Amino acid sequence: MSDHRLRTRAPADPAPRTPGGSGVAAAFRAAAPALAVYAAVRALGLLAFWAAASAAGKDPLGPLSGRWDSVWYQRIAENGYRYTVTLPDGSVHSDLAFFPLLPALERAVSAVTPLTLGGAGLLVAWTAGLLAAWGIFAVGAQLRGRRTGVVLAALWGVYPTAFVQSMAYTETLFTALAAWALYAVLKGRWIVAGALCVLAGLTRPSAAALIAALAITAAVTLVREYRETHRAGPVLRRNARMIAGVALAPLGWLAYVVFVAVREGSPVAYFDVQAQWGNSIDGGRALAAFIAGLPWPAALGLCAALGLPGWLVVLCVRQRQPLPVLVYAITIVVVSLIGAGYFGSRPRLMMPAFPLLLPPAVALLRLRTTGRTAAVLAALACASAAYGAWTLLGAGPP
């Protein structure tokens, strides 16, 4: 299937082609500015946190690899799935709520290096962060040119909760897989996209957004082509690779759900485990109750803040982003808002929705000089670093 229907207009400054050179090497050279900027803003965040932790007399590595979800992943890497804890209210938290790819990588890296499981988790997260920035750059460059791709990767690196990108969490790993899967769809490489979806489905439940992006895009494409030809056979044969990629996409997520079902002896065991953690889908009731319980000035401010993702979605639609990119970003936002989980985690859960940052990236490039764009990014990086240091030294999870 031709992929022209999935693209926007051709970028104004496409990545240069290197005659006779390696495709990967050429792609890396094109992405090098984005990777350098991303690494710089994340290094600034780590430096700010190190300074704050040292001033407070605390271990700067502890919050990055030894708190909150990181501990659960390392326990799985060390002992497999066997740990539960019963809370005072009687709810049971099982490690089956955590998907297996990150702990598997932690165990593998720790086995072949001198690193502890915590150090291995950080190495995986930081490496995945660079791969995610590369994939985000690739998507931005495909849609709007290389300069936009660089700014898009930088904005993802200065996202308010970007400090999580420096932790032994799954955000960077999942975003890397999602970004490259979307890029593969934009290039018409459906089997590659489906394989990346399998890995994303072994990383975190929000892979459902990626699976939906592929499935809806494929369905729209098949319906459109059938209406044009009224011949189902040729349409299906012409799009066989697309159909295969879509069929492949949910297998990782389904495999883990089946694993939990068999282990616990119930077909809905995975959903029961998530419900015990308070991660069920309630249509937004928990969010509404949380807002209603706030003093009215705070409630109004929070409603205004929650309006920002909606406004960015509108801008993405007006920007005519390709269907798979739109579906992915919108689904990530919606699922993050309609879940019953801990409110403070919602900004982190929305962080993989990097296409929402494409309109701000384009707007930044409309500033009169490169210096002004750099100054805005520098200010955002400083704000993000300060907020990250303050949050990591706090008591609550991100």
Side-chain angles (χ1 to χ4, degrees), residues 1-11 131-145 148-149 152-153 156 174-201 203-227 235-236 238-253 309 312-336 350-359 361-362:
M1 180 192 72
S2 172
D3 62 335
H4 71 280
R5 290 176 176 169
L6 301 179
R7 301 184 187 180
T8 59
R9 64 173 180 264
L131 292 173
W134 190 353
I136 290 169
F137 162 81
V139 172
Q142 176 70 22
L143 299 181
R144 291 281 177 163
T148 302
L152 183 62
W156 189 68
F174 174 77
T175 305
L177 294 167
W180 284 110
L182 291 174
Y183 180 73
V185 171
L186 294 175
K187 301 294 287 185
R189 298 167 184 164
W190 284 89
I191 301 297
V192 173
L196 290 170
C197 281
V198 171
L199 295 176
T203 305
R204 56 187 297 134
S206 46
L210 198 56
I211 296 166
L214 268 66
I216 292 174
T217 301
V220 170
T221 301
L222 291 173
V223 169
R224 182 190 297 124
E225 292 194 10
Y226 176 75
R227 286 179 175 177
V235 169
L236 294 176
R238 186 163 57 248
N239 294 288
R241 294 180 69 83
M242 179 183 71
I243 295 170
V246 172
L248 186 63
L251 295 185
W253 184 86
L312 289 174
V313 166
V314 171
L315 292 180
C316 290
V317 173
R318 292 176 60 184
Q319 201 177 52
R320 301 179 65 83
Q321 290 184 10
L323 182 60
V325 177
L326 271 178
V327 171
Y328 166 75
I330 292 172
T331 306
I332 288 284
V333 171
V334 170
V335 171
S336 300
M350 283 190 276
M351 186 165 58
F354 67 88
L356 297 183
L357 300 175
L358 191 55
V362 172

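Just so you know, these numbers come straight off a predicted model, no measurement behind them.
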Shortest non-hydrogen contact from [X] toward [Y]:
| X | Y | answer |
| --- | --- | --- |
| Val185 | Ala193 | CG2-CB, 3.6 Å |
| Trp190 | Arg241 | CB-O, 3.5 Å |
| Ala353 | Ala329 | CB-O, 4.0 Å |
| Leu186 | Pro324 | CD2-CG, 4.5 Å |
| Val246 | Ala215 | CG1-CA, 4.0 Å |
| Ala179 | Ala132 | CB-O, 4.4 Å |

Using 0.5 Å steps for rounding, measure from the [atom1] atom of [X] to the [atom2] atom of [Y].
| X | Y | atom1 | atom2 | value |
| --- | --- | --- | --- | --- |
| Leu152 | Leu356 | CG | CG | 10.0 Å |
| Leu323 | Leu214 | CG | CG | 10.5 Å |
| Leu358 | Gln321 | CG | CD | 5.0 Å |
| Ile216 | Tyr328 | CD1 | OH | 14.0 Å |

With a 4.5 Å limit on heavy-atom distance, are the side chains of [X] and [Y] in contact?
| X | Y | answer |
| --- | --- | --- |
| Tyr183 | Phe137 | no |
| Leu222 | Met242 | yes |
| Leu326 | Pro355 | no |
| Leu248 | Cys197 | no |
| Leu143 | Thr148 | no |
| Val139 | Ile136 | no |
| Gln319 | Leu315 | no |

Review point. Is a side-chain N or O of Trp253 found less than 3.5 angstrom from the main chain of Ser206, in a donor-acceptor match?
Key: no

Exercise for review: Take the angle between the ring planes of Trp134 and Trp180 and call it parallel below 30°, perpendicular above 60°, tilted in between.
Suggested key: perpendicular

Practice item. May I have the step-by-step check of side chain to side chain contact (heavy atoms under 4.5 Å, CB included) for Leu182 and Leu210, ending in yes or no? Key: CA-CA 8 Å; Leu182 291 174; Leu210 198 56; 4.0 Å; yes

